[in-house]
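Just follow the structure's listing: the first ligand is 1, and inside any ligand the first atom is 1.
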Amino acid sequence: MRDRDRAAQVRVAVIGGGGTGAALLYDLADRGFACTLFERGELTSGTTGRHHGQLHSGARYATGDVEIARECAQEVTVLRRIAPESIEMNYGLFLALTEADEAYAAEFAAACEAAGIPARRVTREEALRYEPRISPKTRFAYVVPDGTLDAYRLPLQFFASARARGASVRPFCEVTGIRSAGGSVTGVSFYDYERRQERHSPADVVINAAGPWAEKVARVAGVVLPVTPAAGTMVAVRGRVCNMVVSHLHPPGDGDIIVPQRGLSIIGSTQWETEEPDGVRAPERDIEWLRERADDLVPGFSGEPFHAAWTAVRPLAGRSVEGGRSLSRGFTVVPPGTGAPAGFYSIVGGKATVLRAMAEAVADRLCGDLGLDVAGRTATTALRSHRDYFSRKTS
Ligand SMILES: Cc1cc2nc3c(=O)[nH]c(=O)nc-3n(C[C@H](O)[C@H](O)[C@H](O)COP(=O)(O)OP(=O)(O)OC[C@H]3O[C@@H](n4cnc5c(N)ncnc54)[C@H](O)[C@@H]3O)c2cc1C
């Protein structure tokens, strides 16, 4: 039997219908696995539907978090190739506004080069030609290949492509138990909110892609998985104050990126740890503070018509000290191990920008563990349109 046919005998349950789960479902279905995804709410209703929407070139992380910086740099190229309809490639400007920023510039440029991120230094005048509304305090800037991604359409492209390869998607189905026998996974129990009943689904492999809820889901399987849910507020005003992603040239901090998204401009974000990822609200003090920080980058931001303020919760792998900024934005594949039934995997951490690479890492690991020689193809195959998700066409 060919390895792809052997994969078809393996039933995989993916838990979590955010970007990571979407990309994973697609990768697994493309390799031939029989897979079903369970999402407790609407698709992308977790962190994925609420983030900043920046397609990270990796420059933000280059000085402190080099692994994820490299991953981002590679994935920008990949996503531009496979999902152009979900991406606006508007590039980014890192502004040096102070003496301290000037001093940081050499380290930034060297780190970008080491991570394979093209960063071009431009004069104040050139930066102002690109973005006339940036701070007049700008001393110089770097242009990097940042962009914006559509937080909803990109996952839908993966879902549509997964379904075209035979995968099933079950929104409004919350996994409540991991079933096992003889130390191996045998399926999942889930509550179906549409039918209003508890149900079961057989599976040989279960993959936990529940983002900031991954620790809770792992606990259901008897697995201790440290995840730090780190909440952040963002504020949007109407209109585009800039067309490029505008960032402050300093080590990553709060309130230092403005992302233009369609007809809005979004400043983000703050960050604090929370024990419970559900129902986190944007604190009033964050909203005012963020608008003031936005004015430092683009004066007049706070005077634009207010559109919305909201929060999302980062799924950071590991246990944090000091609010989460110290934790890497990298991702980890957690294979079955002590306490976990055979066949139970988790994927934690990461960024929306690297969702495809995260999925590929899990699928590679699973194939390796099962002794299946089925290579991933998602880096080179164009995704279906997000519109296909809304139709029943499969070819
Ligand atoms: C403030 C902020 C700004 C950010 N900005 C950016 C950015 O600009 N660019 C970028 O690349 N990244 C950004 N990120 C990071 C990015 O948003 C996340 O890394 C990414 O969205 C995580 O996706 P996910 O699929 O892993 O998690 P999620 O999208 O949270 O998906 C997990 C899903 O699991 C579901 N679930 C939970 N429990 C169960 C269960 N028992 N059964 C079934 N389903 C379950 C949840 O409902 C949820 O939909 C930002 C994050 C934050 C917090």
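Judged by distance alone, with hydrogens and angles left aside, the side-chain atoms of Arg40 form no donor-acceptor pair with the main-chain N or O of Ile15 at under 3.5 Å.
Considering only residues two or more places apart in sequence or on other chains, Tyr142 meets the ring pair (Phe, Tyr, Trp, His ring centres under 6.0 Å) condition with Phe108.
No hydrogens or angles considered: a donor-acceptor pair under 3.5 Å links the side chains of Ser346 and Asn208.
Protein residues lining ligand 1, listed by chain and number: Ile15, Gly16, Gly17, Gly18, Gly19, Thr20, Phe38, Glu39, Arg40, Gly46, Thr47, Thr48, His51, His52, Gly53, Gln54, His56, Cys173, Glu174, Val175, Ala209, Ala210, Gly211, Pro212, Trp213, Val217, Gly232, Met234, Ser269, Ala312, Val313, Arg314, Gly350, Lys351, Ala352, Thr353 [non-hydrogen atoms, distance under 4.0 Å].
A cation-pi geometry, defined here as NZ or CZ lying under 6.0 Å from the six-membered ring centre and within 45° of its normal, does not hold between Arg281 and Trp310.
Shown here for Glu174 and Tyr193, the closest heavy-atom pair between the two residues is OE1-OH, 2.5 Å.
Atom CH2 of Trp272 is separated from atom CZ of Arg314 by 9.5 Å, given to the nearest 0.5 angstrom.
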